[in-house]
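Notes to accompany the following structure.
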Amino acid sequence: MKRPYDHNAIEEKWTKEWEIHPVNVDDGKKPKYYCLDMFPYPSGNGLHVGHWRGYVISDVWSRYKLMNGHYVIHPMGWDAFGLPAENYAIKTGKQPAVSTAENVANIKKQIKQIAAIYDWDMELNTTDPKFFKWTQWIFEKLFEKGLAYEKEMPINWCPSCKTGLANEEVVDGKCERCGADVTKKDLKQWMLKITAYADRLLDDLDKLDWPEKVKKMQTEWIGRSYGAEVDFPVDGRDEKITVYTTRPDTLYGATFMVLAPEHQLAASLATDETRQAVDDYITFAANKSNVDRLQNKEKTGVFTGSYAINPMNGKKIPIWLSDYVLADYGTGAIMCVPAHDDRDFEFATKFDIPIVQVIAKDGKAIENMTEAYTEASGTMINSGEWDGMESAVLKKEAPHMVEKKGIGRAKKNFKIRDWVFSRQRYWGEPIPVIHCPDCGDVLVPEEELPLTLPEVEHYEPTGTGESPLAAIESWVNCKCPKCGKDSKRETNTMPQWAGSSWYFLRYVDVNNDKELVSKEKADKYLPVDMYIGGVEHAVLHLLYSRFWTKFLYDIGVIGFDEPFHKLFNQGMITGKNGIKMSKSKGNVVSPDDLVRDYGCDSLRLYELFVGPPELDSEWDDRGIDGVYRFLSRFWNLVQENKDRDVKETPELIKTRHQLIDTISGRLEAFSLNTVISGFMEFNNRLSKLEGGVDKATLETFAVLLAPFAPHIAAEVWEELGHDGSVFDEKWPVADKAAIKDDTREIGVQVNGKVRGTVDIAVDASKDEAINAAKAAIADKLEGKTIVKEIYVPGKIINIVVK
RNA sequence: GCCGACAUGUCGGAAUUGGCAGACGAGGCAGACUCAAAAUCUGUUGUAGGCAACUACGUGUGGGUUCAAGUCCCACUGUCGGCACCA
């Protein structure tokens with residue numbers, strides 16, 4: 001009996017079936033495969049079709065691995081701390097915990113429409129005390145190891161979010177979240193010493209199967225450089241200024257020094273004549289906002305009136321202040337070699353400071369220098385004992401030479417700064433520290449964790465740098481766990497990145513109340529084999545997770561030191577003209593209606609069909625008709641052939657194996673858009689076969705289609721007379737011998753232009769091929785002289801004529 | 001400014017190591033079915049000319065290598081992304 005394609009009925013049926021009989025189960029024998037999605041923030045706005053894409057990609061991959069004999073760990077959870085819930089609470093008075101729970105329920109309903117094989121027994125939520133107990137525990141371990149410390153310092157401050165930000169959260173001088181201009185504010189902050197892991201975070205990138213782009217971004221963010229620290233005595237004083245340089249080879253060319261205006265010695269270097277100007281400049285620099293500093297790169301500066309001694313040649317060189325020197329990189333002071341550095345050249349030219357060339361360009365000194373010569377290649381000149389050396393060689397040796405001389409030492413430096421870990425907000429994990437007047441910072445005892453948030457009436461941030469928690473006296477006031485004295489709790493909370501830095505470890509052991517994760521389960525199921533998510537987390541979440549993983553490895557909690565073996569960044573789905581989907585732009589496409597009208601299977605296929613998964617794609621609603629038609633045609637093909645008992649023919653066998661080969665190859669290459677077009681192509685081909693399609697071919701088609709369109713595949717599998725699940729089928733392997741053609745149609749060119757085609761045996765000799773080709777296009781060769789004949793077997797025949 | 005990615009019909013996009021450009025789909029056009037429409041099915045669809053079988057042109061621009069270039073090399077333009085005084 002033929003049935004019409006009723007996607008609603010089919011999908012409802014299988015949703016229920018899979019609730020009762022999940023297709024992905026751990027029998028303890030199958031090898032594991034951990035395929036992880038970046039977990040979502042449960043926003044009140046719900047999902048749009050762009051969110052779907054990543055989840056479809058990961059589910060297709062998970063189901064593919066499943067059919068290759070793996071038990072797939074494929075969990076989902078909620079990254080639920082963060083500002084939107086808190087801001088919503090400020091507006092409505094609704095507790096963040098309550099609104100968050102509502103949003104989770106909503107989004108979960110939407111995510112279930114995808115029909116992914118998520119194991120909901122593993123579901124977790126970063127705001128659940130059972131979860132964040134362990135986030136706090138990790139913080140305590142970091143503290144115990146000296147990797148969490150408090151520091152009074154100017155931090156990035158977002159005046160709109162009224163909270164401090166990590167360097168990673170500042171983009172172009174603006175807040176990564178809200179886009180407000182970031183200012184500086186002096187605040188006592190909790191810091192995590194990610195710099196202690198800088199070398200390992202950099203070196204271990206080699207171990208990872210990640211997109212080069214992300215590796216490069218992390219490499220640059222960590223920013224390791226090798227050079228030397230050199231001490232410059234201050235003339236007439238018993239002090240010295242230490243600089244960091246990557247070009248100690250140019251030391252003889254250092255004709256002045258520049259200190260950051262925030263440098264400790266800056267003010268003290270002023271003389272009576274320069275005091276006013278120096279103080280003014282320091283104030284001017286302090287008031288310059290981050291954005292100004294980025295935008296206006298015209299060099300400014302002031303001469304302090306003091307001099308330093310170049311330790312190589314003993315010459316007196318002036319000491320300047322300028323904000324082009326960064327206070328928190330290197331030593332906050334630099335030696336300036338205007339002849340060989342663009343910035344120093346610009347500064348020296350503007351303020352009329354001598355320029356001394358120390359590396360010969362093209363073997364000679366440059367007359368009338370108009371720009372710095374920044375290459376480290378050439379012979380040293382004007383450099384005393386170093387004259388005649390090659391600068392490239394000297395660059396490497398100089399650090400050790402200055403060390404021997406006792407004027408400096410070899411040194412490597414990093415751009416990455418420690419992670420500002422406190423936020424002056426309510427809706428985050430409380431930092432489990434108690435400030436005791438006698439004992440100082442004391443950790444909340446482990447047995448008292450989790451330290452939960454109190455209910456408050458007002459969620460507004462104070463804006464003064466204190467969290468709303470500071471106003472809850474009953475919560476803030478406590479006894480010191482060590483000495484029992486009246487103490488106060490830390491009122492800052494952790495940034496949103498805290499929970500996401502380790503959540504992937506917890507999925508496999510969500511109910512463990514003794515440990516963060518049992519060693520046994522961690523060893524068995526981790527690390528993550530495939531991690532799928534957007535590229536926007538390249539230096540935030542992905543760097544923090546690597547840091548925490550390495551730390552947990554060091555303290556013996558887990559047995560691996562990289563969390564994500566393979567990373568895939570899916571492209572964004574945008575609205576028309578590449579505009580990001582957002583509520584305010586009014587271009588959000590909701591998956592709900594599409595699922596209702598076309599079905600989950602169609603939307604899954606279309607999410608993949610829109611374009612290459614790694615590239616951004618513009619959403620066009622109309623295209624989904626195409627995949628729906630394809631599914632209907634496939635359905636009809638099955639309906640027409642299932643009771644016909646078609647005998648398999650050589651052609652059918654060949655087509656079947658070509659289908660397996662095509663789909664598997666493209667899937668392995670992660671070319672998911674062409675997998676779908678491949679299905680369409682083969683469906684068209686099979687539909688045109690006069691004699692019908694045999695059962696084995698239909699079965700193979702259903703098995704291959706299963707990871708992509710699970711419902712229709714399961715239904716077809718059943719229609720074809722199977723009791724078991726299509727997902728218990730092994731992924732088929734193509735028989736290469738069956739695919740092989742005896743003859744092949746290849747193009748015949750004359751002078752590189754196609755003039756016809758010819759069918760020739762695959763193993764034809766060159767002469768046979770050429771002769772066949774000539775016969776096929778005899779009229780095109782009339783009156784021409786053949787100069788050359790080219791035959792590339794299986795590809796092309798080209799006849800060159802005059 | 002530096003680094004990287006990308007540029008193909010009306011549109012989304014295909015095209016192993018250089019080897020028949022435009023697969024697959026959307027949209028358009030024509031037809032079948034229908035009282036009619038939708039749905040479905042069939043055909044057609046890069047541009048220009050003959051308007052049929054053919055010819056010329058055609059993968060951002062200009063040049064080059066090659067029997068052969070979307071693909072490789074050089075120079076440039078545009079779009080997107082990252083970094084941006086890191087000494």
Side-chain angles (χ1 to χ4, degrees), chain A residues 171-173 211-214 216-217 220-221 223-225 227 243-248 250 254 257-258 260 293-299 322-326 328-337 340-344 346-347 413-417 535-536 538-539 571-572 578 605-606 609-612 614-630 632-633 636 665-666 669 671 673-684 687 745-758 779 787-801:
Chain A
V171 178
D172 288 334
E212 285 307 314
K213 181 184 169 163
V214 176
K216 192 152 184 277
M217 280 169 75
E220 283 172 9
W221 190 262
R224 182 165 59 195
S225 66
V243 303
Y244 170 70
T245 176
T246 55
R247 295 294 303 275
T250 63
M257 296 184 82
V258 176
R293 210 168 157 152
L294 282 170
Q295 277 168 358
N296 188 2
K297 289 207 193 144
E298 175 76 9
K299 299 257 181 308
S322 175
D323 65 359
Y324 84 87
V325 176
L326 306 175
D328 52 1
Y329 180 73
T331 61
I334 61 170
M335 68 170 204
C336 298
V337 186
H340 304 288
D341 181 279
D342 291 325
R343 295 149 303 178
D344 298 346
E346 189 191 334
F347 194 85
N413 238 319
F414 296 93
K415 286 192 206 176
I416 193 173
R417 312 290 149 83
V535 73
E536 65 272 17
V539 286
M572 221 182 5
L605 292 194
Y606 188 55
F609 190 58
V610 277
E614 69 280 7
L615 299 182
D616 291 354
S617 299
E618 281 180 33
W619 186 263
D620 182 354
D621 264 345
R622 289 178 302 188
I624 195 171
D625 285 309
V627 290
Y628 183 79
R629 281 176 201 142
F630 154 66
S632 307
R633 286 178 194 143
N636 292 336
R666 293 179 182 183
S671 177
N673 52 328
T674 63
V675 169
I676 308 304
S677 65
F679 278 127
M680 292 170 169
E681 238 176 300
F682 276 89
N683 191 59
N684 292 345
S687 303
E745 190 197 52
I746 65 173
V748 180
Q749 300 179 327
V750 177
N751 287 350
K753 291 202 171 123
V754 179
R755 290 298 131 143
T757 59
V758 65
D779 53 319
V787 183
K788 200 172 180 181
E789 292 160 340
I790 289 144
Y791 170 51
V792 183
K795 301 259 165 112
I796 203 85
I797 291 166
N798 191 9
I799 296 169
V800 186
V801 299

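A, B, ... follow the sequence lines: proteins, then strands. Residue 1 opens every chain.
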Worksheet item: So, is A:Y329 close to the B:rA87 phosphate, meaning a side-chain N or O under 4.0 Å from OP1 or OP2?
Response: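 True: A:Y329 side-chain N/O within range (under 4.0 Å) of B:rA87 OP1/OP2.
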
[N] pairs with which nucleotide, Watson-Crick or G-U wobble, both distances below 3.5 Å?
N	value
B:rG4	B:rC80
B:rC24	B:rG12
B:rC35	none
B:rA30	B:rU42
B:rA75	B:rU61
B:rC54	B:rG49

Worksheet item: Using a distance-only test with no angle check, is there a side-chain donor-acceptor pair under 3.5 angstrom linking A:Y606 and A:D620?
Response: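 No, A:D620 and A:Y606 have no side-chain donor paired with an acceptor closer than 3.5 Å.
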
Check every strand shown and say whether [X] touches a base, only sugar-phosphate, or nothing at a heavy-atom separation below 4.0 Å.
X	result
A:N798	base
A:V800	sugar-phosphate
A:S617	nothing
A:E745	base
A:R755	sugar-phosphate

Worksheet item: If you draw the axis of the six-membered ring of A:F347, does the NZ or CZ of A:K299 fall within 45° of it and under 6.0 Å from the ring centre?
Response: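 No, A:K299 does not sit over the ring of A:F347.
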
Hey, what do you get for [atom1] ([X]) to [atom2] ([Y]), rounding to the nearest 0.5 Å?
X	Y	atom1	atom2	value
A:I797	A:I790	CD1	CD1	11.0 Å
A:L326	A:K415	CG	NZ	10.0 Å
A:Y324	A:E346	OH	CD	8.5 Å

Which whole-number value in Å describes the distance from [X] [atom1] to [N] [atom2]?
X	N	atom1	atom2	answer
A:E618	B:rG13	CD	C1'	12 Å
A:K213	B:rA5	NZ	C1'	7 Å
A:N751	B:rA69	CG	P	11 Å
A:N413	B:rC85	CG	C1'	15 Å
A:E212	B:rG82	CD	C1'	15 Å
A:E536	B:rC83	CD	P	13 Å
A:F414	B:rA87	CZ	C1'	16 Å
A:I799	B:rA68	CD1	C1'	13 Å

Is any side-chain heavy atom of [Y] closer than 4.5 Å to one of [X]?
X	Y	value
A:I746	A:I796	no
A:D341	A:R247	no
A:I334	A:D344	yes
A:R417	A:D328	yes

Can you list everything that forms a side chain to side chain contact (heavy atoms under 4.5 Å, CB included) with [X]? Sequence neighbours excluded, please.
X	answer
A:N636	A:E640
A:N683	A:F630, A:R633, A:F634, A:L637, A:S687, A:F701
A:V801	A:V750, A:N751, A:L781, A:K784, A:I786, A:I799
A:E220	A:K216

Can you give me the N/O atom pairs linking the protein to nucleotides 7-9 of chain B at distances under 3.5 Å, or say none if there are none?
none

Can you tell me how far [atom1] in [N] sits from the matching atom in [M], rounded to whole Å?
N	M	atom1	answer
B:rG9	B:rG4	C1'	29 Å
B:rA14	B:rU8	P	11 Å
B:rG60	B:rU71	P	8 Å
B:rU42	B:rC33	C1'	11 Å
B:rG78	B:rG43	C1'	39 Å
B:rG63	B:rC57	P	15 Å
B:rG50	B:rU59	C1'	26 Å
B:rC67	B:rC74	C1'	23 Å

Worksheet item: If you pin A:V171 and A:Y244 to their nearest nucleotides in RNA chain B, which one's is more 5'?
Response: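 Its nucleotide being nearer the 5' end, the pick is A:V171.
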
Nearest to the side chain of [X], which nucleotide is it out of [options]?
X	options	value
A:M217	B:rC83, B:rG82, B:rG19	B:rG82
A:V325	B:rA87, B:rC20, B:rC85	B:rA87
A:K753	B:rG13, B:rC57, B:rG19	B:rC57
A:I334	B:rA56, B:rA87, B:rC67	B:rA87

Counterpart residues, side-chain hydrogen bond (donor to acceptor under 3.5 Å, both in side chains), relative to [X] (two or more places apart):
X	value
A:Q749	none
A:Y791	none
A:N673	none
A:E618	none

Taking only N/O atoms, report every protein-nucleotides 45-54 of chain B pair under 3.5 Å with atom names and distance.
none

Discussion item. Output one letter per nucleotide in nucleotides 21-32 of chain B: B when a protein non-hydrogen atom lies under 4.0 Å from the base, S when only the sugar-phosphate is that close, - when neither is.
Written reply: S-BBSSS-----

Item to complete: Have a look at B:rG9 and give me syn or anti from its glycosidic angle (syn if within 90° of zero).
Response: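 Syn, which is what one calls it when the glycosidic angle falls within 90° of 0.
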
Under-3.5 Å N/O pairs linking protein and nucleotides 1-3 of chain B:
residue, atom, partner, partner atom, Å
B:rC3, O2', A:K216, NZ, 2.2

